[in-house]
Amino acid sequence: MILYGSTFSPFVRKAVAVAGEKGIGLEVKAVGIGDPDPAFREASPFGKMPALADGDYRLADSSAIVHYWEAKFPEPALIPADPEARGRVVWFDEFADTLLVGCAGKMFFNRVVAPRFLKRDGDLALADAAERDELPPLLDYLERVIPEGGWLVGDGLTLADVAVASPLVNLGHAGVEIDPARYPRVTDFAERMHARPSFAPTIARERGFLAR
Ligand SMILES: N[C@@H](CCC(=O)N[C@@H](CS)C(=O)NCC(=O)O)C(=O)O
């Protein structure tokens, strides 16, 4: 099974981590933003990553891919059957993909992607404003909903945890230090999630690349 994308994308990293948690064998084929690779374009009609090729089957969008895997590889379950729990998991996946990535992306794109990958200046004022004004309410919210030492939904790991943990990696790449005194639960959650085998090697590779 081939996943097209770069794990610097929080959506791609989320999919890779879900595959890791489920023990799904994945070949990650690196493609960049706007990549013309025909196989990637066939799997992703609008050129967005990640995209999947599984035999003859093609699918784009991290959430669509995760739901496909959940149906195809039900164990371990990352999307609960219980209606209320499932609704909450979908909420956190959406929260992460829209609000959290939208905010973290302003810092990550302008401080990292633009200068490092696109060889042009980023809008640092926009990044600083996002860190100052947009990020605190999102972290305040997470601090309220993450149970101490626990998971976002129910008693075990779900897609909610993976989806929220992924853009927190991009914040770190963008030089954001989450204050452990103000956000003890978010800090502990991020440390626990990013130490998991489904995240740790990816993060180490990304940090190694950025340190070059
Ligand atoms: N909702 C999509 C979002 C995918 C997405 O926007 N990926 C970005 C990278 S972080 C991308 O491919 N951007 C390239 C573009 O918009 O052309 C998902 O969950 O996969």
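Just follow the structure's listing: the first ligand is 1, and inside any ligand the first atom is 1. All of these numbers come straight from a predicted model, not from anything done at the bench.
- Remark: Arg192 qualifies as a cation-pi partner of Trp151 under the 6.0 Å distance and 45° angle criteria applied to the six-membered ring.
- Partner of Arg111 under the salt bridge (charged side-chain N to carboxylate O under 4.0 Å, His left out) criterion, out of Asp128, Asp121, Asp123: Asp128 alone.
- Protein heavy atom at the shortest distance from atom 4 (C) of ligand 1 is Met49 O, 3.2 Å.
- The protein non-hydrogen atom at the shortest distance from atom 1 (N) of ligand 1 is Asp61 OD2, 2.9 Å.
- From the protein, the heavy atom lying nearest to atom 6 (O) of ligand 1 is Lys48 CD, 3.6 Å.
- Looking only at protein heavy atoms, the nearest one to atom 19 (O) of ligand 1 is Ser62 OG, 2.6 Å.
- At a threshold of 4.0 Å, the pair Glu75-Lys22 does not count as salt-bridged, since none of the basic side-chain nitrogens sits closer than that to a carboxylate oxygen.
- Protein heavy atom in closest approach to atom 14 (C) of ligand 1: Ile33 CG2, 3.9 Å.
- Counting the atoms of ligand 1 from 1 in the order shown, those under 4.0 Å from a heavy atom of Pro50 are 20 (O).
- In this structure, Asp35 does not pair ionically with Arg41, as no charged nitrogen and carboxylate oxygen lie closer than 4.0 Å.
- Taking 4.0 Å as the cut-off between side-chain N and carboxylate O, Glu206 and Arg13 count as a salt-bridged pair.
- Classification of the Trp91-Phe95 ring pair by plane angle, with boundaries at 30° and 60°, yields tilted.
- Here the protein heavy atom with the shortest distance to atom 10 (S) of ligand 1 is Ser9 OG, 3.2 Å.
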